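Remarks on the structure that follows.
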Protein chains: 2
Amino acid sequence: MASSIHDLARHLNISIGTVSRALNGRADVNADTRQRVLEAARALNYSPNQSGRSLRQGATHSIAFMLQPHPGDQEYGEPFFIPFLTGLQGRLAESGLDLIVVMGAPGDYQQERLRRVVETRRADAVVLAWTRREDERIDYLTQAGFPFATLGRSRSGDKAYPSLDLDFEKAGADAVDRLVERGHRRIAAIRPSLDLNFGYLFLDGYRKALRRHGIAVDPHLIADGFINEAGGYEVTPRVMRRKDPPTAIIFNNDAMALGGCKALAEMGIKPGHDMAVTVIVDTPLCRYFSPALTAFRPALQPMGRRLAEMLLASLPAFAGPEGPRILREVWPLELIARDSD
Amino acid sequence: MASSIHDLARHLNISIGTVSRALNGRADVNADTRQRVLEAARALNYSPNQSGRSLRQGATHSIAFMLQPHPGDQEYGEPFFIPFLTGLQGRLAESGLDLIVVMGAPGDYQQERLRRVVETRRADAVVLAWTRREDERIDYLTQAGFPFATLGRSRSGDKAYPSLDLDFEKAGADAVDRLVERGHRRIAAIRPSLDLNFGYLFLDGYRKALRRHGIAVDPHLIADGFINEAGGYEVTPRVMRRKDPPTAIIFNNDAMALGGCKALAEMGIKPGHDMAVTVIVDTPLCRYFSPALTAFRPALQPMGRRLAEMLLASLPAFAGPEGPRILREVWPLELIARDSD
DNA sequence: TGTGTTCTCGTAAACGTTTACGGAAAAACG
DNA sequence: CGTTTTTCCGTAAACGTTTACGAGAACACA
């Protein structure tokens, strides 16, 4: 059906070797023949069979991004990732690489799927998102010697792989600073209960900032819940049912914040009025919620580009005109002040 | 590095042919040898090289979903697709197929990228989303004889490919019915200006329902805009600045509705109070917006599963125990009444 | 003219599988 | 015991590329 390099060769009456060399821009082919080959390729609508190339070269020319929804995340999805992927894809395409997004079922941990991608050599490298504190995916990949980069740090952080993360620690601290400045002293923090590393970073920043202001860290004002709306809805009351309830809550996740606000509403508490609410990672939902939620916004698309660059620099086949490899970068989150605090 | 079938064969002192047959469950291999092969495969952590299989078999065992953001869609993404993809992925995985999502840059039309996937044989079939009225992707694929399925219909609808769509026509009509029932007679319709087919379907339903109620269709109450927030913001005033403005607006898209509501707010008009607002495709944003927007909700995850099934049934290698192939299905949208109308 | 160099191309092996074919051994059958 | 069938396995080709190697022709140089 589709034309192969043999068809081209036969059509031009030259050997497949020459055709291949002409197509791949090698030097040892006559300028004239190359011209003819290229024209014939266009005429016969030839493009090389990817499996053939991959097999011979041992490279697939594609990068895998592992994506799967959080457990119970039927409806929401992560709109978050689309701009990130756009940036990632854009940069990879410039280097002739395809981005393939490998979907998993919601909830099942990626280990199995990751193994498949690696072992069947479906991609030349992978990009992981939302690294965990202790991330067995990272251990697996380093041990397997498979190239990868991560969106997010993990605790075993000194390993030599490119990683790009957001400064959740600073965001947590900034959020506290802002709230303290506005007169709050009882500030709650609600984060996902999963082992997701950003949850720890956020809490560290939160704690440090409180201490800096001479405010004791009250463990009753810190709570963990499922990383979705139901989680926020369930866990927020736990922090409120104290004789000395908080006057402000920082949510580490937009979905949890929405659930939390629902719980607050049922208690007759109005965010932005009776309670200051801050969200660490901004999404469109924060903007459209009423009241619009003050939140910290990441530069997703540039981050995607950057992580692609870092990954490329770590791949021998693409390592540019030198320059030391960039191993980790931590990007700031920008405060978007709205109406909820 | 990674073990090949040759390693296995050498290790077991049998031929690679036998190893392959054992692994693939062929009948002509001794039960005992098969056992040994499987054990050795586990021990040596063998899994077949995907490129090798694909090359030999002429099949990649993966399905491509073409995804790219709408032009100008930097921030929002389409949370829409995640649950759909989850369903799609789940069903494909059950048949041993991988789902790969091929990202494109925002705005660039998919034709080029699609050609690449097809011509380099990266996938065995593709799934298209948001078909256009006149969709050259469909023409290309049918002409190339490449298997595919679509989320959404297109006008050249009698071609023989599986397609699953939402009943936008009925939703448009239902929306009108509901509004008329509640006393509205000046009902505007705002939809994307792109050639997206659902925009036409929606408008058909809208028109028919109006006529059924004996209400003349006023072209001044119909407007097209960019399929994003800015589009809704820009186009909504155009419909309002009439001496006989509408008392209700149906938006064909959540993002456009949000922009439209912003424009209304600036005119001092409160949705759900001074103006009834209905959205055709529900998303989490509709739910969290204030006022919560009445919207028509699709069953995304089941749709994903179903489309996978339809696609599989159309692939010779997977066609189940017969039953005629399902070519097109149109699923209902469920009205979620909220506070905006 | 002889020797060395440069261009250009064909040959063939290799990547890791799957599978058609055939043959040896074992089993079944008369 | 001879013949036929069945069971099991090895051989080798094929999928579509890329690339190391070598060879012929053209050219340069002395």
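Scope of the values below: all heavy atoms of this structure, side chains included, with no hydrogens, waters or symmetry mates. Proteins come first, then strands; the chains are lettered A, B, ... in the order of their sequence lines, and each starts at number 1. The model shown is predicted, which means the values in this text are computed figures rather than measured ones.
The residue B/S20 sits close to a base: some heavy atom pair falls under 4.0 Å. Base engagement by B/I16 is indicated by at least one non-hydrogen atom pair under 4.0 Å involving a base atom. Among the protein residues, A/G17 comes within range of the nucleic acid bases, having at least one heavy atom under 4.0 Å from a base atom. Base contact: B/D28 has a heavy atom under 4.0 Å from a base atom.
Between B/S15 and D/dG10 there is a side-chain polar atom (N or O) within less than 4.0 angstrom of OP1 or OP2. Distances shown here put a side-chain N or O of B/T33 below 4.0 Å from the OP1 or OP2 atom of D/dC9.
Atom C1' of nucleotide D/dG10 and atom CZ of B/R26 are separated by 16 Å, given to the nearest angstrom. D/dA20 atom P lies 12 Å from atom CG of A/N24, rounded to whole Å.
Nucleotides of DNA chain C with any atom under 4.0 Å from a heavy atom of chain A span, from 5' to 3', C/dT8 to C/dG16.
Listed here is the closest heavy atom pair of B/F65 and B/A129: CZ-CB, 3.7 Å. Nearest heavy atoms, A/L151 versus A/L307: N-CD2, 4.0 Å. Looking at every heavy atom in both residues, A/M303 comes nearest to A/L164 through O-CD2, 3.2 Å.
If you check the side chains of A/S51 and A/S54, you find no donor sitting under 3.5 Å from an acceptor. Between the side chains of B/T131 and B/N197, not a single donor N or O lies within less than 3.5 Å of an accepting N or O.
Two residues, A/S47 and B/V19, neighbour DNA chain D, and the one matched to the more 5' nucleotide by heavy-atom proximity is B/V19.
Between A/R306 and A/E309 a salt bridge is recorded (basic side-chain N to carboxylate O distance below 4.0 Å).
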